[in-house]
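Computation of the quantities below employed the complete heavy-atom set of this structure, encompassing side-chain atoms and omitting hydrogens, waters and symmetry-equivalent molecules. Predicted, not measured: the structure shown is a model, and the values here were computed from it.
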Amino acid sequence: MTLAKTEASGGPGLLPEVMAFSSSLSLDRQLLREDLVGSIAHVTMLGRTGVIPLAEARAIRAGLIALWEAQEAGTLVLPQEEDVHMAVEVQLNRTIGAPAALLHSARSRNDQVATDLRLHVREVAAQALASVTALVGELVTRARKEKDVILPSYTHRQRAQPISLAYWMASYGSAFLRDAQALVFVLEQCKLLPLGVGAISGSSLPIDREITRQLLGFEGVTLNGMDTVGDRDFALDLLYATARFFVHASRLSTDLIDFTTQEFGFASLSGDISMGSSMMPQKKNPDVFELIRGKSGKAMGNLMGLLATVKGLPGGYNRDLQEDRASLLETGPLLLGSLSVLRLALPRVTFHPEKCRVGVDEGFTQATDLAEALVKKGMPFRKAYQVVGSLVRRCQEQGINLRQATVELAQAIDPSLDAATLSVLEPAGAVARKLSAGSTGPAAVEATLIALETQAKALAEQGTKVPRLAQVFASLKTQPL
Ligand code: ARG
């Protein structure tokens with residue numbers, strides 16, 4: 001059956017090949033819950049406004065509720081139609097008969113799909129927001145526990161300066177906090193209800209979008225129907241927030257992949273998140289982190305794909321927009337799945353403080369601290385920089401690290417390098433002496449952790465206010481009609 005055809009569109013038939021080519025049902029079946037919730041709200045509004053008779057509105061609503069329940073019970077088999085919207089209407093007709101023909105009054109699949117997609121994006125963004133803010137909280141807790149672990153930081157993947165592990169944790173915590181902010185923005189972009197604008201220009205039937213808005217938990221209704229049916233900005237925003245999360249998650253993954261190599265040796269993975277090799281018996285591989293990094297390519301591709309789909313479309317709805325489906329529907333599982341595995345994996349990474357300290361010393365990472373100690377004694381920074389550079393060179397020639405340099409060796413380069421000055425080379429002291437805001441110094445790190453904690457909590461709080469699909473359905477069931 002092809003419901004969306006008339007004599008004018010060439011009669012009911014459609015080449016099976018064309019039907020197969022154009023059907024989105026295999027993908028948008030995943031939007032069934034969103035579609036049913038939207039239809040229940042729509043029919044409630046149609047009944048209340050008298051656009052259709054109350055008895056029929058009630059029959060349709062009961063039929064849609066039964067479809068939701070069959071779906072939840074796993075017993076719903078949808079007919080092969082062009083898309084989920086048609087499949088629901090055909091199935092409704094099979095179960096309740098004639099009244100089903102009234103459901104689509106004052107509605108087009110154009111505003112219907114725009115509504116389903118916003119409900120979907122809202123649901124995914126709310127779940128992701130809960131998870132990413134929890135991740136920030138977990139990084140904060142872990143940071144406090146391991147604040148005394150000192151490891152080298154890296155620039156250009158060359159050892160740079162000593163930092164605390166708490167600082168490393170807070171660095172990714174800060175990035176994930178921005179992802180939480182991006183998800184709040186996504187929710188913001190989903191707050192206007194598309195339903196009621198019809199195919200493009202509205203309806204002459206006496207509908208009331210305000211009723212539907214309130215029933216579906218939107219904050220307002222969209223401003224212009226022509227824009228509404230062609231707008232996928234909210235979907236792009238979710239894809240961008242997802243791609244950006246993956247940029248952060250994949251950088252963190254690369255750090256951990258490196259840290260757990262024998263070459264670094266800073267950390268190791270517990271057995272239950274490590275993979276082996278089918279051939280090399282000795283292997284303990286960080287596949288989980290590699291997969292997170294690998295999936296980031298998919299997340300970015302999805303964003304680029306949808307941008308390309310919407311670029312250059314004429315105003316209003318175009319069927320091209322159906323191609324949003326694959327990238328958008330893939331995004332929820334991709335984002336939520338990776339977030340949850342990341343949160344499982346992080347506590348199963350154990351850092352080795354001794355190995356980290358060796359990295360600090362071997363990398364001459366306290367060289368800047370020594371230069372700053374000379375600055376404190378009145379030496380211009382550029383001179384101190386050269387003096388310490390010479391000392392590093394001497395140490396390298398002798399195969400020793402900075403802490404092994406004798407006062408004699410140091411003073412042969414510059415007499416200001418006395419024993420007291422050289423004492424700044426102790427790694428914990430080097431970290432502790434960082435006083436500036438945003439630095440690795442313990443007080444600055446604790447201030448960062450407090451900020452991360454407070455802001456993550458506030459963002460999570462915003463997510464809890466978002467009406468979730470199951471709640472919307474439960475409340476729709478009891479609405480007066
Ligand atoms: N399956 C379509 C989509 O996902 C629904 C809207 C179809 N509208 C139309 N005028 N053919 O975009």
Colleague: Is it true that R48 and D208 have a side-chain N and a carboxylate O under 4.0 angstrom from each other?
Modeller: no
Colleague: Is the side chain of S23 donor-acceptor paired with the backbone N or O of M19 at a distance under 3.5 Å, no angle test?
Modeller: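 No: the side chain of S23 does not pair with the backbone of M19.
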Colleague: Does any non-hydrogen side-chain atom of Q91 lie less than 4.5 Å from one of E81?
Modeller: no
Colleague: Is the side chain of K284 donor-acceptor paired with the backbone N or O of L269 at a distance under 3.5 Å, no angle test?
Modeller: yes
Colleague: For the backbone of G196 and the side chain of D111, can you confirm whether one donor and one acceptor N or O come within less than 3.5 Å of each other?
Modeller: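 Present.
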Colleague: Counting only N and O atoms by type, is there a donor-acceptor contact under 3.5 Å from the side chain of S153 to the main-chain atoms of Q161?
Modeller: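 Yes, S153 side chain to Q161 backbone: donor-acceptor pair under 3.5 Å.
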Colleague: Would F266 and T260 count as a side-chain contact (heavy atoms from CB on, under 4.5 Å) here? Give the steps.
Modeller: CA-CA 6 Å; F266 293 173; T260 54; over 6 Å; no
Colleague: Compare all side-chain heavy atoms of Q322 with those of S24 and state whether any distance is below 4.5 angstrom.
Modeller: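 Yes, their side chains come closer than 4.5 Å.
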Colleague: Any salt bridge linking E82 with R319? Criterion: basic side-chain nitrogen under 4.0 Å from a carboxylate oxygen.
Modeller: yes
Colleague: Of all heavy-atom pairs between G47 and A57, which one has the smallest distance, and what is that distance?
Modeller: CA-CB, 3.7 Å
Colleague: Just by distance, with hydrogens left out, do R209 and T222 show a side-chain donor and acceptor under 3.5 Å apart?
Modeller: yes
Colleague: State whether R213 and E219 are salt-bridged, where the test is any N-O pair (Lys NZ or Arg NE/NH1/NH2 against Asp/Glu carboxylate O) under 4.0 Å.
Modeller: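 Salt bridge: no.
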Colleague: Taking S164 for its side chain and P442 for its backbone only, find out whether a donor-acceptor pair lies under 3.5 Å.
Modeller: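 Flag not set: sc S164 to bb P442 has no pair under 3.5 Å.
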Colleague: Under a 4.5 Å cut-off applied to non-hydrogen side-chain atoms, are D28 and L31 in contact?
Modeller: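 Yes, side chains in contact.
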Colleague: Using the salt bridge (charged side-chain N to carboxylate O under 4.0 Å, His left out) rule, collect all pairs that involve residues 249-259, keeping only residues at least two apart or in two chains.
Modeller: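 Counting only pairs at least two positions apart or across chains, the salt bridge (charged side-chain N to carboxylate O under 4.0 Å, His left out) contacts touching residues 249-259 are R157-D255, R157-D258.
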Colleague: Below 4.5 Å, heavy atoms only, C-beta onward: do T6 and S9 meet side chain to side chain?
Modeller: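 A side-chain contact under 4.5 Å exists here.
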Colleague: Work out which heavy atom in A128 is nearest to a heavy atom in L339; give both atom names and the distance.
Modeller: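 Nearest pair, atom of A128 first, then L339: O-CD1, 3.9 Å.
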Colleague: Between the side chain of Y167 and the main-chain N/O of A143, is any donor-acceptor distance below 3.5 Å?
Modeller: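 Such a contact is absent between Y167 side chain and A143 backbone.
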Colleague: Just by modelled atom types, is the L344 backbone N or O under 3.5 Å from a matching donor or acceptor in the R348 side chain?
Modeller: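 Yes; at least one donor-acceptor contact below 3.5 Å.
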Colleague: For a 4.5 angstrom cut-off between non-hydrogen side-chain atoms, does L135 reach T133?
Modeller: no
Colleague: Any donor and acceptor pair, going by atom type alone, linking the side chain of R118 with main-chain N or O of P194 inside 3.5 Å?
Modeller: no
Colleague: What do the steps show when you test D83 against L25 for side-chain contact (heavy atoms from CB on, under 4.5 Å), and what is the final call?
Modeller: CA-CA 4 Å; D83 51 33; L25 186 59; 5.6 Å; no
Colleague: Please check if atom NZ in K147 has more than 12 non-hydrogen atoms from other residues, nucleotides or ligands closer than 6.0 Å.
Modeller: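 No, because the 6.0 Å sphere around NZ of K147 holds 12 heavy atoms or fewer from other groups.
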Colleague: How many angstroms lie between atom NE2 of H120 and atom OG1 of T115, to the nearest 0.5 angstrom?
Modeller: 14.5 Å
Colleague: Are any of the side-chain heavy atoms of L449 and V445 separated by less than 4.5 Å?
Modeller: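 The answer is yes, as the side chains (C-beta and beyond) meet within the 4.5 Å cut-off.
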Colleague: For a side-chain contact (heavy atoms from CB on, under 4.5 Å) check, start with the C-alpha distance between L103 and I52, then their side-chain angles and the critical distance, and finish with the verdict.
Modeller: CA-CA 9 Å; L103 171 62; I52 68 171; over 6 Å; no
Colleague: Under 4.0 Å between a side-chain nitrogen and a carboxylate oxygen: does that hold for E461 and K457?
Modeller: no
Colleague: Is there a side-chain contact between R29 and Q71 in this structure, where contact means two heavy atoms from C-beta onward sitting under 4.5 Å apart?
Modeller: yes
Colleague: Is any side-chain heavy atom of I257 closer than 4.5 Å to one of R293?
Modeller: yes
Colleague: At what distance, to the nearest 0.5 angstrom, does OG of S475 lie from CG of L216?
Modeller: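 Reported to 0.5 Å precision, the distance equals 9.0 Å.
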Colleague: Just by distance, do the side chain of D287 and the backbone of M275 share a donor-acceptor pair under 3.5 Å?
Modeller: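 Not a single qualifying donor-acceptor pair exists.
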Colleague: Is the distance from the ring center of F264 to that of Y154 below 6.0 Å?
Modeller: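 Centroid distance F264-Y154: below 6.0 Å, so yes.
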Colleague: For S436 and A444, work out which heavy atoms get closest and say how close.
Modeller: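 Answer, listing the atom of S436 first, then A444: O-CB, 3.5 Å.
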Colleague: Give a yes/no verdict on a cation-pi contact between R109 and Y317, requiring under 6.0 Å between NZ or CZ and the six-membered ring centre and an angle within 45° of the axis.
Modeller: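 Geometry flag: not set, cation outside 6.0 Å or 45°.
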Colleague: CH2/W168 to CZ/F351 distance, rounded to the nearest 0.5 angstrom?
Modeller: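 Going from CH2 on W168 over to CZ on F351, the span is 4.5 Å.
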Colleague: Between M86 and A4, what is the shortest heavy-atom contact and its length?
Modeller: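 Nearest pair, atom of M86 first, then A4: CE-CB, 3.4 Å.
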Colleague: About how many Å separate CG of L239 and CG of N302, when rounded to the nearest 0.5 Å?
Modeller: 6.0 Å
Colleague: Would you say H104's side chain and R107's backbone share a donor-acceptor pair under 3.5 angstrom?
Modeller: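 Yes, the answer is positive, given that a donor and an acceptor are paired below the 3.5 Å cut-off.
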Colleague: Please lay out, stage by stage, how R232 and T309 fare under the test side chain to side chain donor-acceptor pair (under 3.5 Å).
Modeller: CA-CA 10 Å; R232 294 293 180 268; T309 297; over 6 Å; no
Colleague: Test: salt bridge (charged side-chain N to carboxylate O under 4.0 Å, His left out). Region: residues 467-481. Which pairs qualify, not counting sequence neighbours?
Modeller: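 Sorted result for residues 467-481: E69-K477, E123-R468.
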Colleague: Salt bridge (charged side-chain N to carboxylate O under 4.0 Å, His left out), that's the test. Do K295 and E290 meet it? Break it down for me.
Modeller: CA-CA 9 Å; K295 286 175 194 295; E290 292 169 295; over 6 Å; no
Colleague: Is the NZ atom of K145 crowded by more than 12 outside heavy atoms at less than 6.0 Å?
Modeller: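 Atom NZ in K145 is not crowded, with 12 or fewer foreign heavy atoms closer than 6.0 Å.
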Colleague: Would you please test T49 and L205 for side-chain contact (heavy atoms from CB on, under 4.5 Å) and show each step?
Modeller: CA-CA 10 Å; T49 51; L205 295 171; over 6 Å; no
Colleague: For the residue pair V197 and G225, what are the closest heavy atoms and their distance?
Modeller: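 It is CB-CA, 3.5 Å.
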Colleague: Looking at F245 versus F176, is the centre-to-centre ring distance below 6.0 Å?
Modeller: yes
Colleague: Would you check if there is a donor-acceptor pair between the side chains of T212 and H42 at a distance under 3.5 Å?
Modeller: no
Colleague: Do Q189 and D233 pass the side chain to side chain donor-acceptor pair (under 3.5 Å) test, and can you show the C-alpha distance, the side-chain angles, and the key distance before you say yes or no?
Modeller: CA-CA 8 Å; Q189 294 297 304; D233 289 354; over 6 Å; no
Colleague: Hey, could you give me the CD1/CD1 distance between I60 and I65, rounded to the nearest 0.5 Å?
Modeller: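 Nearest 0.5 Å value for the CD1-CD1 distance: 12.0 Å.
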Colleague: OH of Y240: more than 12 outside heavy atoms within 6.0 angstrom?
Modeller: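 No, OH of Y240 has 12 or fewer neighbouring heavy atoms, counting only those of other groups under 6.0 Å.
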Colleague: Looking only at heavy atoms, which two atoms of V349 and R142 are closest? And how far apart?
Modeller: O-NH2, 2.5 Å
Colleague: Nearest 0.5 angstrom please: F234 CZ to L192 CG, how far?
Modeller: 11.0 Å
